[in-house]
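Notes follow the structure.
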Amino acid sequence: MPKKTVRDIEVSGKRVLIRVDFNVHLGEGGEIEDDTRIRASLPTLRYLLERGASLVIMSHLGRPKGKVDERLRLDPVAARLGELLGVEVRKLDEAVGPAVEEACARLQPGEVVLLENLRFYPGETDNDPDFAASLARLGDVYVNDAFGAAHRAHASVVGVARHLPAVAGLLMEKEITSLDRLLHEPARPFIAILGGSKISDKLKVLGKFQEIVDAILLGGGMCFTVMKWQGLEIGRSLCEDDLLAEVGEVIRESGGKRAEMLLPLDLVVAADFREDAESRVVEAGAIPEGWMGLDIGPRTVAAYVKRIGEAATIFWSGPMGVFEWERFQEGTRAVAEAIAASEAVTVAGGGDTIAAIRKYGLEDSFTHISTGGGASMEYLEGRPLPGVEALQDSEG
């Protein structure tokens, strides 16, 4: 990795201001439903504590749009982090100000505080210089371990790095190293499996993948925009009509590039978007008028599983169907299990993809599961991430 990491600096006796991504899913009662992102930060936090640092942790949660939202305070996160770390995590009710500076100044080695939700302050998303300077006064060095926020030029991601020595955490290092391996030295055959609801989320990376992978397997709602561009009947399936021309340009370019693009051969379709709706399997392009595709069909599953079994490198982002519903989950489940059983280098990313992997209990069977869906897409597109660019360059 071309950036300095926590291994390159002395942290003993230092107050480490560390940006993490604790943007976790909360239930209606405010309970944490998925602590994956908290667990992912533990190696860096433990590394720093074991070397005599004190920690000032900062994160965002949800989208409070610059105002205090009582439902999005970080108290449940502090409690869960304390349980996982095995140390007391003191939650502060503000992120900046005299009281926060005093609390941080008193920290002793091994002690941990968690600041309040950064996005309660408009200066965070505006990358306000004064807000960044206020945050920077809380630490001696800055560590960015929030890969999921690295594509945002926010104060805690970019602005703080202008005031303090700035290095990457171990999670950030792992994320970048894993994605660099896909971009620069993938074992072949290299396949990308792209799904999810919107092709607008993945159109740019689709173009990039045509240059670097051997085959692209499409599923989920996004495939219907491609099928409609091809002139196939898609009924009431998801479609982004305003992107049809752009999709066409991307598809046409594939003829002169490396990647083969595979679309579903058949589909599980339903009469309505309901878990208990009438359903049947039809050939691609034969969706009855008024019906919609909610999963890939069994012939497609067999074809995709075969290609997965032949691959040496696999990237997966986006479910193949409405996997949350029992009757429309088979495509996603089969693809997830086939990737997990593969001996290939396997990388997955995106919130829904991670949820599917967790649903089927396959977390330990992937080479790497990225914590940042949007950030991983932008990095794979070849776009620089502001949160990475802001870190100090490695001298090695």
Side-chain angles (χ1 to χ4, degrees), residues 63 151-152 191-211 213 215-255 257 259-274 277 279 282-297 300 304 315-325 328-329 331-332 335 348-356 372-383:
R63 296 179 178 178
H151 59 316
R152 309 291 189 193
I191 67 170
I193 305 164
L194 300 179
S197 59
K198 294 182 178 179
I199 198 167
S200 53
D201 294 338
K202 298 188 174 72
L203 193 53
K204 291 182 179 177
V205 80
L206 183 63
K208 179 65 176 181
F209 276 155
Q210 287 179 357
E211 301 173 4
V213 309
I216 303 170
L217 284 54
L218 296 182
M222 64 174 284
C223 74
F224 295 108
T225 303
V226 179
M227 294 171 71
K228 184 170 182 176
W229 176 80
Q230 290 184 326
L232 298 174
E233 177 57 56
I234 65 168
R236 288 196 294 136
S237 304
L238 282 175
C239 182
E240 293 177 85
D241 289 299
D242 58 326
L243 291 177
L244 284 171
E246 192 172 348
V247 166
E249 292 176 6
V250 172
I251 301 299
R252 276 192 291 268
E253 288 184 2
S254 68
K257 297 181 179 177
E260 174 188 9
M261 189 173 296
L262 281 70
L263 283 165
L265 303 169
D266 57 353
L267 298 153
V268 180
V269 300
D272 205 351
F273 189 72
R274 299 197 325 270
S279 65
V282 302
E283 295 296 297
I287 300 177
E289 184 177 353
W291 287 52
M292 63 187 69
L294 296 185
D295 195 8
I296 58 175
T300 308
Y304 283 11
F315 176 79
W316 178 32
S317 179
M320 296 291 98
V322 188
F323 73 97
E324 298 90 342
W325 293 347
F328 304 105
Q329 68 164 335
T332 302
V335 164
D352 288 338
T353 311
I354 295 173
S376 63
M377 286 294 108
E378 291 194 15
Y379 195 78
L380 289 171
E381 290 166 15
R383 297 163 60 180

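What you see below is based on every heavy atom in this structure, not just the backbone, and it leaves out hydrogens, waters and symmetry mates.
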Which atoms form the tightest heavy-atom contact between Lys208 and Leu380, and what is the distance?
-> CG-O, 3.0 Å
Between the CE atom in Met261 and the CG atom in Leu218, the distance rounded to the nearest 0.5 Å is 5.5 Å
Out of curiosity, Ile216 CD1 to Leu206 CG, how far, rounded to the nearest 0.5 Å?
-> 5.0 Å
Quick one: closest heavy-atom pair of Ser237 and Phe224, and the distance?
-> CB-CG, 3.5 Å
CE of Met222 to CG of Leu194, rounded to nearest 0.5 Å, is 5.0 Å
For the student: nearest non-hydrogen atoms of Leu244 and Trp229, plus distance | O-CD1, 3.3 Å
Please indicate whether Arg63 has more than 12 foreign heavy atoms, meaning atoms of other residues, nucleotides or ligands, lying under 6.0 Å from its CZ.
-> no
Decide side chain to side chain contact (heavy atoms under 4.5 Å, CB included) for Asp352 and Thr332; before the verdict, give the C-alpha distance in whole Å, the side-chain angles of both, and the deciding distance to 0.1 Å.
-> CA-CA 11 Å; Asp352 288 338; Thr332 302; over 6 Å; no
Does any pair with a residue in residues 220-240 pass salt bridge (charged side-chain N to carboxylate O under 4.0 Å, His left out), and if so which ones, sequence neighbours excluded?
-> Lys228-Asp241, Arg236-Asp272
Give, for atom CZ of Phe323 and atom CG of Asp295, the distance between the pair rounded to the nearest 0.5 Å.
-> 11.5 Å
Minimum heavy-atom distance between Gly293 and Val269, given as atom pair plus value = CA-CG1, 3.9 Å
Any donor-acceptor pair under 3.5 Å from Lys204 side chain to Glu378 backbone | no
From Met292 CE over to Leu238 CG, what is the distance, rounded to the nearest 0.5 angstrom?
-> 8.0 Å
Working for side chain to side chain contact (heavy atoms under 4.5 Å, CB included), residues Leu267 and Thr300 = CA-CA 8 Å; Leu267 298 153; Thr300 308; over 6 Å; no
Roughly how far, to the nearest 0.5 Å, is CZ of Phe273 from CZ of Phe328?
-> 9.0 Å
Evaluate the side-chain proximity of Ile193 to Met320: yes if any heavy-atom separation is below 4.5 Å, no if none is.
-> yes
Applied to residues 282-292, the salt bridge (charged side-chain N to carboxylate O under 4.0 Å, His left out) test, sequence neighbours excluded, yields Glu283-Arg299
Determine whether Met377 and Asp201 make a side-chain contact, defined as any pair of heavy atoms from C-beta on separated by less than 4.5 Å.
-> no
Is there a side-chain contact between Val268 and Leu294 (heavy atoms, below 4.5 Å)?
-> no
Shortest non-hydrogen contact from Gly285 to Leu232?
-> CA-CB, 4.0 Å
Gly349 backbone acceptor or donor facing Ser317 side chain under 3.5 Å = yes
Shortest non-hydrogen contact from Ile296 to Gly331?
-> CG1-CA, 3.6 Å
